[in-house]
Engineer: 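Below you will find the structure I want to go over with you.
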Protein chains: 2
Amino acid sequence: MAQRGRRTTRISGDERQEAILVTAETLLGEKSFDDISIDDLARGAGISRPTFYFYFGSKDDVLLALLDRVIGEVERRVGALPRDFEAAPASTWRQSIGAFVEVFAAHRAVSAAAIAGRARNPEVHALWSRSMESWVAYTTEVVVAERARGAAPGGLDARELAVALNLMNERVLTAVFSGESPSLPETDTLDVLAGIWIRSIYGRDLAP
Amino acid sequence: MAQRGRRTTRISGDERQEAILVTAETLLGEKSFDDISIDDLARGAGISRPTFYFYFGSKDDVLLALLDRVIGEVERRVGALPRDFEAAPASTWRQSIGAFVEVFAAHRAVSAAAIAGRARNPEVHALWSRSMESWVAYTTEVVVAERARGAAPGGLDARELAVALNLMNERVLTAVFSGESPSLPETDTLDVLAGIWIRSIYGRDLAP
DNA sequence: CGATCCACTCGACACGGTGTCGACGAATGT
DNA sequence: ACATTCGTCGACACCGTGTCGAGTGGATCG
């Protein structure tokens, strides 16, 4: 459950917690999560190692807090998007995927660390799973609607299609942003992703 | 480069090395790679911890050796496949992807551990990257050929399409075989994957 | 205005895993 | 019988994690 050792009064010290988070995100830009020790985090925030434990239960808890923010941001971005698939399906899909891509890009270090750390930490895994589940649900819903209005063909289970496409996005984005070897140029990523989504949802290309 | 402490003469002791590998794959079926200590591996092979280092330079080297075998198997399987995309494109794609799926399934623990360990270990990363690169090259080549004979439309860069599809397979397979939350039933996996490949390569459904 | 309380801090410790070193046996060839 | 090399391990040093208990200083209250 990872209880944070939070004080009840509203005095300072919150800054320390924030400092740890900032240090973590900065350090993640330089080296991998595994290579960051709790001592690094503590020193970066100007405190000693034991004091770190006053604010977070573990290194993973820091990652969790960071991931929580990133997910919140995607949530907000996607929620604020127009949803007129009937009028302009191609560009609406593109925008939705684009929101994802942008937030991922802005916090690439955190996203990459969280996705990698998912295997090790159950809470990180659960948080990420929950979000994926929500993107999948949204995707499925739209696919079903598109099929209902005759714009998209059947042939593949809507939810299964949605799962595969969302997992593709996750994987492609991590590959792109961590500069892996078989990867895409960052500039083409959105085009390729959106292209595959459109073709596999509608069974054909759509006018942009 | 991870030099293995191999003897030059051909005496026994090779069995020990094999025993370590077997122990590792067995243990991987029970717990995560991180939770397996070198002591576990050594005891499982009936030797002491220091002796382990005679055979392998580190725990990661064991994973590397395991992954090497799995990749070799995929390589062999895919190489032995028919390649008549002109006669029966849909089923030929399906079979290629199927080879992947089967080997992954047969060694799911190793595959999952290797893919997860990629982030931590440069050699594992390099080995996996090299393989991905080879599947991508193969895919690209076929897509280009299909376009050349007028069977598939352009619109997306062939290699970029190939990269995204191969990454999708990797991610979907790890999700399926490690029983993650947004995932697919194992029985539908090949259908969904093949379906998305066909639609995004040919821009339409193909007769099976 | 002293007592007290509580958020906050850290020195020091125990633990567990990794990797290394040096010594010791047991075959093999000379 | 002797040397060399393979294989083996006990013991050690190291490093990162997490905990415990003893402070310290500022706010609040009698």
Side-chain angles (χ1 to χ4, degrees), chain A residues 1-21 23-24 27-28 30-65 113 116-117 119-124, chain B residues 1-21 23-24 27-28 30-65 113 116-117 119-124:
Chain A
M1 204 98 299
Q3 77 294 15
R4 324 278 148 77
R6 295 298 317 286
R7 68 264 85 191
T8 32
T9 66
R10 71 221 62 86
I11 342 172
S12 89
D14 255 343
E15 299 146 23
R16 295 269 133 117
Q17 179 147 355
E18 186 58 27
I20 293 173
L21 259 7
T23 303
L27 251 28
L28 272 176
E30 299 164 16
K31 45 183 170 178
S32 87
F33 188 69
D34 289 333
D35 291 339
I36 298 173
S37 73
I38 290 184
D39 206 54
D40 292 334
L41 261 20
R43 292 192 173 284
I47 56 179
S48 73
R49 206 165 54 77
T51 301
F52 166 90
Y53 287 99
F54 180 79
Y55 294 101
F56 293 95
S58 69
K59 212 172 57 166
D60 282 341
D61 274 7
V62 176
L63 185 56
L64 198 62
R120 191 190 46 247
N121 187 281
E123 303 189 57
V124 172
Chain B
M1 203 95 304
Q3 77 295 12
R4 325 277 149 80
R6 297 296 317 287
R7 68 262 86 191
T8 31
T9 66
R10 73 223 59 85
I11 342 170
S12 88
D14 254 346
E15 300 148 21
R16 295 282 123 117
Q17 178 148 356
E18 186 58 28
I20 293 173
L21 258 8
T23 303
L27 251 29
L28 237 21
E30 298 164 15
K31 45 183 169 178
S32 88
F33 188 69
D34 288 333
D35 290 340
I36 297 172
S37 73
I38 290 182
D39 206 55
D40 293 334
L41 261 20
R43 292 191 173 284
I47 55 179
S48 74
R49 205 166 54 78
T51 300
F52 167 91
Y53 287 99
F54 180 79
Y55 294 101
F56 293 96
S58 70
K59 211 171 57 164
D60 282 340
D61 274 7
V62 176
L63 184 57
L64 197 63
R120 189 190 47 246
N121 186 281
E123 305 189 54
V124 172

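Every heavy atom of this structure was used, including side-chain atoms; hydrogens, water molecules and symmetry mates were not. Chain A is the first sequence line, chain B the second, and so forth, proteins listed ahead of strands; every chain is numbered from 1.
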Engineer: Rounding to a whole Å, what distance do you find between A:F56:CZ and D:dT19:P?
Structural biologist: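 Whole-Å distance recorded here is 16 Å.
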Engineer: For A:A113 and A:L28, work out which heavy atoms get closest and say how close.
Structural biologist: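 Heavy atoms of A:A113 and A:L28 come nearest at CB-CD2, 3.8 Å.
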Engineer: Search all heavy atoms of B:F52 against all heavy atoms of B:S58 and return the closest pair with its distance.
Structural biologist: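 Answer, listing the atom of B:F52 first, then B:S58: CZ-O, 3.6 Å.
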Engineer: Can you check the B:R43 CZ to D:dT8 P distance for me, whole Å?
Structural biologist: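 Taking atom P of D:dT8 as the reference, CZ of B:R43 is at 15 Å.
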Engineer: Which atom names give the shortest non-hydrogen contact between B:T23 and B:A45, and what distance separates them?
Structural biologist: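 Between these two residues, the closest heavy atoms are OG1-N, 3.7 Å.
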Engineer: At less than 4.0 Å, is any side-chain N or O atom of A:Y55 found next to OP1 or OP2 of C:dT9? Yes or no.
Structural biologist: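 For A:Y55, the contact criterion (side-chain N or O under 4.0 Å from OP1 or OP2 of C:dT9) is met.
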Engineer: Rounded to whole Å, please give me the gap between CD in A:Q17 and C1' in C:dC8.
Structural biologist: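 To the nearest whole Å, that distance equals 13 Å.
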Engineer: Rounded to whole angstroms, how far apart are CZ on B:F52 and P on D:dG7?
Structural biologist: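 Computing the B:F52:CZ to D:dG7:P distance gives 16 Å.
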Engineer: Salt bridge check, B:R120 against B:D34: does any charged N sit closer than 4.0 Å to a carboxylate O?
Structural biologist: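 Looking at B:D34 and B:R120, the cut-off is met.
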Engineer: Side chain of B:R16 only, heavy atoms from C-beta on: which candidate in D:dG18, D:dT8, C:dT9 is closest?
Structural biologist: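 For the B:R16 side chain, the nearest candidate turns out to be D:dT8.
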Engineer: At their closest point, which heavy atom of B:A24 faces which heavy atom of B:V62, and how far apart are they?
Structural biologist: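 So the two residues come closest at CB-CG1, 3.6 Å.
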Engineer: May I have the distance from A:D60 (atom CG) to D:dT17 (atom P), rounded to whole angstrom?
Structural biologist: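 After rounding, the gap between these two atoms is 10 Å.
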Engineer: For the backbone of B:L41 and the side chain of B:K59, can you confirm whether one donor and one acceptor N or O come within less than 3.5 Å of each other?
Structural biologist: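 Such a contact is absent between B:K59 side chain and B:L41 backbone.
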Engineer: Can you tell if the side chain of B:Y55 reaches within under 4.5 Å of the side chain of B:L21, non-hydrogen atoms only?
Structural biologist: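 Not touching, per the 4.5 Å side-chain cut-off.
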Engineer: Of all the heavy-atom pairs spanning B:A116 and A:A119, show the shortest one and how long it is.
Structural biologist: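 Taking every non-hydrogen atom into account, CB-CB, 4.5 Å.
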Engineer: Is the closest side-chain heavy-atom distance between A:L27 and A:D40 below 4.5 Å?
Structural biologist: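 A:L27 vs A:D40: side chains touch.
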Engineer: Round to the nearest Å and state the distance from A:F54 atom CZ to D:dT19 atom P.
Structural biologist: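 Computing the A:F54:CZ to D:dT19:P distance gives 15 Å.
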Engineer: Report the distance from atom CZ of A:F33 to atom C1' of D:dG16, rounded to the nearest whole Å.
Structural biologist: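 Value for this atom pair: 13 Å.
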Engineer: Taking five pairs at each end of the helix from C:dC1-D:dG30 to C:dT30-D:dA1, what angle separates the two helix axes (nearest 10°)?
Structural biologist: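 That helix gives 20° between its end axes.
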Engineer: Among the candidates D:dG18, D:dG16, C:dG19, find the nucleotide nearest to the side-chain atoms of A:I38.
Structural biologist: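 Between D:dG18, D:dG16, C:dG19, the one nearest the side chain of A:I38 would be D:dG18.
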Engineer: Atom CG of B:D39 to atom P of C:dT20: distance rounded to whole Å?
Structural biologist: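 Interatomic distance, CG of B:D39 to P of C:dT20: 16 Å.
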Engineer: All N/O contacts under 3.5 Å from nucleotides 9-12 of chain D to the protein, with atom names and distances to one decimal?
Structural biologist:
| from | atom 1 | to | atom 2 | distance (Å) |
| --- | --- | --- | --- | --- |
| D:dC9 | OP2 | B:S48 | N | 2.9 |
| D:dC9 | OP2 | B:S48 | OG | 3.3 |
| D:dC9 | OP2 | B:T51 | OG1 | 2.9 |
| D:dC9 | O5' | B:S48 | OG | 3.3 |

